[in-house]
Amino acid sequence: MSVHLIVQLLVLAGEAKTAGELIGQLEALLGSYRFDFYELSLRAKPENGESEHVLAARMPQNWRQVYVAKRYGLVDPVARMLLVAQRPFRMRDAASLMRNDPRRARLQRLTQDAMRHGILDGYVFPIHGRNGLMGHMSITGRPVDLSPVEISLFDTAAKRIMWRHLELQGAASEHEKHEPDSVPLTRRELEVISHLTQGLTSPEIARTLQISSHTVDWYINGLQDKMKAKNRQHVVALALRKGIVI
């Protein structure tokens, strides 16, 4: 266990003078833990025309192109879990939760492609701000078993790195502003919206979430009221426009 290295990073992050120095400290820590890849991403605003803005990353060559070309974002269990997770989670655990998904074949292809690129497992650390999920840090590659203490410290480090990076770029205050027009949604509502954006029907969502179709329709009707949407298609459009889903 190298918890003292994570604690050291928490101290050094506050002393970093540039974003490059900050990321160098992070990469040194990840190297000591033998993580091959990482990504520090900020959720982009919907008007920017993208779902996220990568602040720093070291990922397998061509992996991003493959991921986008094959539209894996529509079925990626990690991306879907990130929408509702409040705590860090392991990638393989996210995948196991989707084993009854109606798009199992595509999920299997995603897993196989990821493994061919060297992404066998990893951890994801959601980072929340005043308006909900603001970004995340993922550390991936070969399987590494972290203890609960290490996971907790890495979670703290992810938040520290994200905010320090924003401070060094002069963008921290922008992300501390409260957006009064944001729609407060429950975890289950976020799950339903996530599946709606993937084109799933009420029966398909019901099977995935292991609830009844009637309950799914009840959630969708509630979402329409909350979001002042005319129908479920309008719910999807508003969710994408407001950045509620990626």
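Residue numbers run from 1 in the order of the sequence given. Just so you know, these numbers come straight off a predicted model, no measurement behind them.
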Quick one about Q108 and T111 (side-chain donor to acceptor, distance below 3.5 Å, no hydrogens or angles considered), yes or no? no
Determine whether a donor-acceptor pair (N or O, by modelled atom type, separation under 3.5 Å) exists between the side chain of N62 and the backbone of Q65. no
Is the number of heavy atoms from other residues, nucleotides or ligands within 6.0 Å of CD (Q210) greater than 12? no
side-chain contact (heavy atoms from CB on, under 4.5 Å), paired with R90, selected from D145, V78, L146, I151: D145
For I161, the option from L55, L10, L29, L40 that meets side-chain contact (heavy atoms from CB on, under 4.5 Å): L40
Gap separating the CZ atom of R160 from the CD1 atom of I6, nearest 0.5 angstrom: 15.5 Å
Scan side-chain atoms only and decide if S213 and R207 contain a donor-acceptor pair under the 3.5 Å cut-off. no
Any side-chain donor paired with an acceptor under 3.5 Å for T208 and E204? no
NZ/NE/NH1/NH2 to OD/OE distance under 4.0 Å, E21 and R164: no
Test: E191 and R80 ion pair at under 4.0 Å: no
Is a salt bridge present between R106 and D76, judged by a nitrogen-to-oxygen distance below 4.0 Å? no
Measure the spacing between CD of Q233 and CG of L196 and express it to the nearest 0.5 Å. 9.0 Å
Decide if the gap between the ring center of F89 and the ring center of F125 is smaller than 6.0 angstrom. no
Does L166 offer a backbone N or O that forms a donor-acceptor pair with the side chain of Q169 under 3.5 Å? no
Could you label the plane-to-plane angle of the F35 and F154 rings as parallel, tilted or perpendicular, counting under 30° as parallel and over 60° as perpendicular? perpendicular
Are any non-hydrogen side-chain atoms of H214 and S202 less than 4.5 angstrom apart? no
Between D36 (side chain) and R142 (backbone), is there a donor-acceptor pair under 3.5 Å? yes
When you measure from the side chain of S96 to the backbone of D93, do you find a donor-acceptor pair of N or O atoms at a distance under 3.5 Å? yes
Treating Y38 as the side-chain partner and L26 as the backbone partner, does any N or O pair qualify as donor plus acceptor under 3.5 Å? no
Let me confirm one number: the CZ-CG distance from R58 to L30, rounded to the nearest 0.5 Å. 7.0 Å
From R92 atom CZ to D121 atom CG, the distance as rounded to the nearest 0.5 Å: 5.5 Å
For the residue pair Y72 / D113, report whether a side-chain donor-acceptor contact shorter than 3.5 Å exists. yes
Distance, nearest 0.5 Å, that separates CD of Q224 from CG of D217: 9.5 Å
